Structures are given as C-alpha cells and as structure tokens.
Amino acid sequence: MLDQRRLPGEIVYHTYADYREVARAIKEMEIRGAPAIGVAAAMGIALGVERSAARSLGELKTEFSEICEAMAKTRPTAVDLFWAIGRMRERFEALAAGAKDGDLARLRSAMVEEAQRIHAEKRAIDEAIGRHGAALLPREGRVMTQCNAGALATAGYGTALGVIRMAVSEGRRIEVLVPETRPYLQGARLTAWELQQDGIPLTLITDNMVGHIFKRGGVGAVVVGADRIAANGDTANKIGTYQIAVLAREHGVPFYVAAPVSTLDLSLPSGEHIPIEERPGEEVTHIQGVRIAPEVAVANPAFDVTPARLIAAIITERGVARPPYASSLRQLADAAASTAADSRVRA
Ligand code: MRU
C-alpha cells in the first residue's frame with residue numbers, strides 16, 4: 001500500500017499481512033479516497049480470510065463477521081466502503097452455502113479472487129466515467145477540482161481526475177485549478193503531484209482564493225468526486241466542496257460530480273442523512289507535525305454536503321444523470337449492468 005500521508009515528499013510502500021493493519025491504514029488515511037477505501041477493504045477482508053487460522057467453516061464464519069466489522073468501523077462517510085464489504089459478504093455467503101470443512105482452501109482463494117476482481121472492475125469503471133464526462137469539459141480552458149479524486153483515490157485512474165485525464169487524452173487543452181484542500185492537503189500534496197506526473201498543466205491555489213478566482217473569470221467548469229450521493233442527488237464530498245459549488249453557481253460555472261454507481265446511496269432520501277466524519281483536531285492545529293495554532297477548541301468535519309440544486313450533472317460509468325436526480329439516479333442504479341465497461345469487466 002502506497003502511504004499517502006508521506007506523499008509527495010517520500011514514496012513509501014507498506015506490505016500488510018494482517019487485516020487489522022489494513023483497517024488501521026484506512027482509518028489513519030494511509031490510503032484514502034472513497035473507491036480506494038472500498039478496494040482496500042475488499043483486499044483486507046480477503047487477507048483476513050486467507051490468513052485465518054480457522055479449521056472449520058463455523059470458525060471461519062465467526063471470524064469473517066469480525067473482519068467485516070473491523071473494516072466497517074474505519075470511516076463512516078464513503079459508502080464505497082460498505083458497498084465493498086457487502087459485495088465480499090455476498091460472495092462469502094454464496095461460497096459458504098453448502099460448503100464443508102474440507103472446502104476452506106477453495107473458499108480462501110475464491111475470496112482473494114473476488115477482491116482482485118473488484119480492483120479490476122473499479123479501474124474499468126473509472127475509465128467509463130472518464131469517457132462519459134470528458135465531453136462536458138471545455139475544449140480549452142480552466143477546470144477546478146477539489147481534494148484528490150484521482151488515481152490515488154481510486155483503483156488507479158480516477159473519477160473527477162479521470163474525467164480530466166480522459167478529456168486531455170482526447171485533445172482538450174485543460175489547465176486544472178487545484179485548491180490545496182485544508183486540513184489534510186489532498187489537493188496540494190496529492191492532486192498537484194498526480195497531475196504533475198501526468199504532465200497536465202495545473203495551478204495550485206489556497207482554499208480561500210476560490211471566490212476571487214471565479215470572479216476574475218475564465219473557469220470553464222468544476223468537476224469533483226463524491227463519497228456518498230443520496231437519492232435526491234445531494235452529494236457528500238471533501239470539506240470545501242459545498243462552498244465551491246455555491247461560488248460556481250454565483251458565477252455561472254457548471255459544477256459536475258463524477259462517481260461510480262456504487263457511490264449512490266438510494267436508501268437515504270437526502271444529504272441530511274449522510275453521516276459526516278469528524279476527524280481529530282490535530283489535523284487542523286498541526287501541519288506535518290508542526291503546531292500552527294494554540295490549544296483551542298477545533299472543528300474538523302471531513303466532508304460537507306452539496307445540495308443537488310447546485311449540481312449540473314452527475315457522471316457515472318452508466319451515463320450522465322441530470323436533474324431531477326430522484327428519477328435519473330434511480331434509472332442509472334436500476335440499469336442492468338449492460339454498459340460497455342460493465343460488460344467488459346464482468347466478462
Ligand atoms: O478524506 P478523503 O481524502 O478520503 O476524502 C476524499 C474525497 O473526498 C474524494 O473527493 C472522494 O472520496 C472521491 S475519490 C474518487
């Protein structure tokens with residue numbers, strides 16, 4: 001696992017042999033970004049099953065529940081985490097039904113294969129999101145994002161940055177405006193690094209420059225990722241996304257969300273019901289271990305919710321949803337997995 005806390009200064013990979021270490025890595029944001037958290041959780045579950053000392057199916061079932069519970073407790077907002085746990089659970093239950101104690105080795109390797117399949121599918125899904133979204137971006141000009149919704153945050157291509165990447169590969173001449181994204185600095189540390197590696201032009205700004213930049217003009221679109229999208233289209237994403245959406249509306253700039261269908265949580269009627277993670281105060285009072293504020297009360301909500309009315313479109317691997325989202329998102333969720341990406345990854 002590439003340690004995202006150390007980027008861009010150091011490139012450090014960790015190898016984990018215990019699912020509890022994977023859970024801790026997710027919680028401490030060694031790996032972060034909704035789809036990447038989901039893939040890591042699936043891998044963590046596979047690791048837990050593979051390394052389990054269980055000698056009977058009954059023992060393995062008990063341990064499996066404990067493993068899933070440990071993963072579910074890591075981060076509350078990104079629904080991809082719960083999607084991935086659900087998918088691994090479904091597979092486990094299907095394999096366990098009718099299995100005998102002698103089938104444990106087969107079951108273990110099938111769970112590893114399922115996690116690897118999730119990884120491969122997620123990558124193909126991002127590319128499909130990119131293809132659907134690229135046409136919405138200007139042929140030439142500046143596009144703002146927030147946080148890091150790129151390769152690091154996903155299975156290797158990106159959702160919001162995947163849209164940008166695809167648009168650039170299709171010949172659009174785009175410069176990306178990258179807000180630094182306090183307090184964790186995913187924009188400054190990760191998005192700036194990723195874009196630089198890819199040779200995509202970017203300008204890094206601090207979060208409080210966003211209004212000024214919009215007012216000066218020349219921003220053609222905003223595209224961000226998502227951690228959870230409610231049935232009415234309200235979207236939770238990294239803290240600071242909401243204020244960008246409000247400013248985009250004020251300045252007539254289209255605001256797009258790019259996310260896989262697994263990020264839809266149609267069980268929630270609106271964004272008010274999305275759990276918002278509150279992270280440790282040290283992330284605000286300290287930068288890279290150096291205290292920058294006195295010992296005072298601190299708020300650190302990691303996400304905010306952008307109301308659906310500020311979102312011009314939600315780009316998924318199955319197509320682009322437009323308002324009213326209650327019906328367009330339902331249609332996408334119900335669509336048989338028949339898009340090119342879906343059929344390719346399932347083949
Ligand atoms: O706290 P993080 O870094 O996990 O938050 C990440 C974001 O908010 C991303 O924009 C979102 O997960 C989409 S990633 C493709």
Side-chain angles (χ1 to χ4, degrees), residues 1-7 25-41 74-84 119 122-123 125-130 133 144-166 176 178-195 207 222-229 235-245 255-265 271 274-280 283-284 300-306 311 314-317:
M1 193 180 282
L2 174 59
D3 191 337
Q4 299 195 26
R5 297 170 309 179
R6 315 269 285 267
L7 288 173
I26 296 172
K27 199 176 176 68
E28 293 177 4
M29 290 175 72
E30 222 167 276
I31 187 160
R32 33 66 49 202
I37 292 171
V39 172
T74 53
R75 298 195 68 191
T77 304
V79 80
D80 259 79
L81 170 71
F82 303 98
W83 172 87
H119 188 211
K122 286 279 177 193
R123 164 92 199 193
I125 282 170
D126 279 5
E127 287 172 5
I129 293 172
M144 190 179 289
T145 189
Q146 167 73 342
C147 190
N148 171 266
L152 290 165
T154 61
Y157 191 74
T159 53
L161 282 196
V163 169
I164 291 171
R165 233 174 219 130
M166 192 62 79
V176 188
V178 180
E180 62 180 353
T181 316
R182 276 279 287 149
Y184 207 70
L185 299 172
Q186 289 95 330
R189 295 189 304 104
L190 308 177
T191 299
W193 183 74
E194 248 195 80
L195 291 172
D207 300 325
V222 177
V223 58
V224 300
D227 285 84
R228 200 184 283 232
I229 302 173
T235 295
N237 191 48
K238 180 51 55 193
I239 193 77
T241 302
Y242 170 50
Q243 66 202 27
I244 295 177
F255 178 96
Y256 301 117
V257 170
V261 169
S262 56
T263 300
L264 303 179
D265 184 353
I274 298 177
I276 300 292
E277 178 181 10
E278 187 71 29
R279 292 200 52 90
E283 287 178 4
V284 177
N300 188 12
F303 302 95
D304 58 27
V305 175
T306 298
I311 301 171
I314 297 176
I315 306 156
T316 76
E317 72 275 25

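Both ligands and their constituent atoms are indexed starting at 1 by order of listing. Residue indices begin at 1 and follow the sequence shown. Everything quoted here is computed from the prediction, not taken from an experiment.
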**Q** Between Asn148 and Arg32, is any side-chain donor less than 3.5 angstrom from a side-chain acceptor?
**A** yes
**Q** Of all residues at least two apart in sequence or in a different chain, which pass the side chain to side chain donor-acceptor pair (under 3.5 Å) check with Arg279?
**A** Glu277, Glu283
**Q** Check the pair Gln4 / Gln186 against side-chain contact (heavy atoms from CB on, under 4.5 Å), numbers first and verdict last.
**A** CA-CA 9 Å; Gln4 299 195 26; Gln186 289 95 330; over 6 Å; no
**Q** Among Thr181, Asn237, Thr191, exactly one meets side chain to side chain donor-acceptor pair (under 3.5 Å) together with Gln146. Which residue is that?
**A** Thr181
**Q** Report each N/O pair between ligand 1 and the protein that falls under 3.5 Å, naming both atoms.
**A**
unit_1: ligand 1; atom_1: 1 (O); unit_2: Arg75; atom_2: NH1; d: 3.4
unit_1: ligand 1; atom_1: 1 (O); unit_2: Arg75; atom_2: NH2; d: 2.8
unit_1: ligand 1; atom_1: 1 (O); unit_2: Lys238; atom_2: NZ; d: 2.7
unit_1: ligand 1; atom_1: 3 (O); unit_2: Arg32; atom_2: NE; d: 2.8
unit_1: ligand 1; atom_1: 3 (O); unit_2: Arg32; atom_2: NH2; d: 3.3
unit_1: ligand 1; atom_1: 3 (O); unit_2: Gln186; atom_2: NE2; d: 2.8
unit_1: ligand 1; atom_1: 4 (O); unit_2: Gly33; atom_2: N; d: 2.9
unit_1: ligand 1; atom_1: 4 (O); unit_2: Arg75; atom_2: NH1; d: 2.8
unit_1: ligand 1; atom_1: 8 (O); unit_2: Asp227; atom_2: OD1; d: 2.8
unit_1: ligand 1; atom_1: 8 (O); unit_2: Asn237; atom_2: OD1; d: 3.2
unit_1: ligand 1; atom_1: 8 (O); unit_2: Lys238; atom_2: N; d: 3.2
unit_1: ligand 1; atom_1: 10 (O); unit_2: Asn237; atom_2: OD1; d: 2.7
unit_1: ligand 1; atom_1: 12 (O); unit_2: Ala34; atom_2: N; d: 2.8
unit_1: ligand 1; atom_1: 12 (O); unit_2: Asp227; atom_2: OD1; d: 3.1
unit_1: ligand 1; atom_1: 12 (O); unit_2: Asp227; atom_2: OD2; d: 3.0

**Q** Are Thr77 and Asp227 linked by a side-chain donor-acceptor pair shorter than 3.5 Å?
**A** no
**Q** So that I can tick it off, tell me whether Asp265 and Arg228 are bridged by a salt bridge, with the cut-off set at under 4.0 angstrom between side-chain N and carboxylate O.
**A** yes
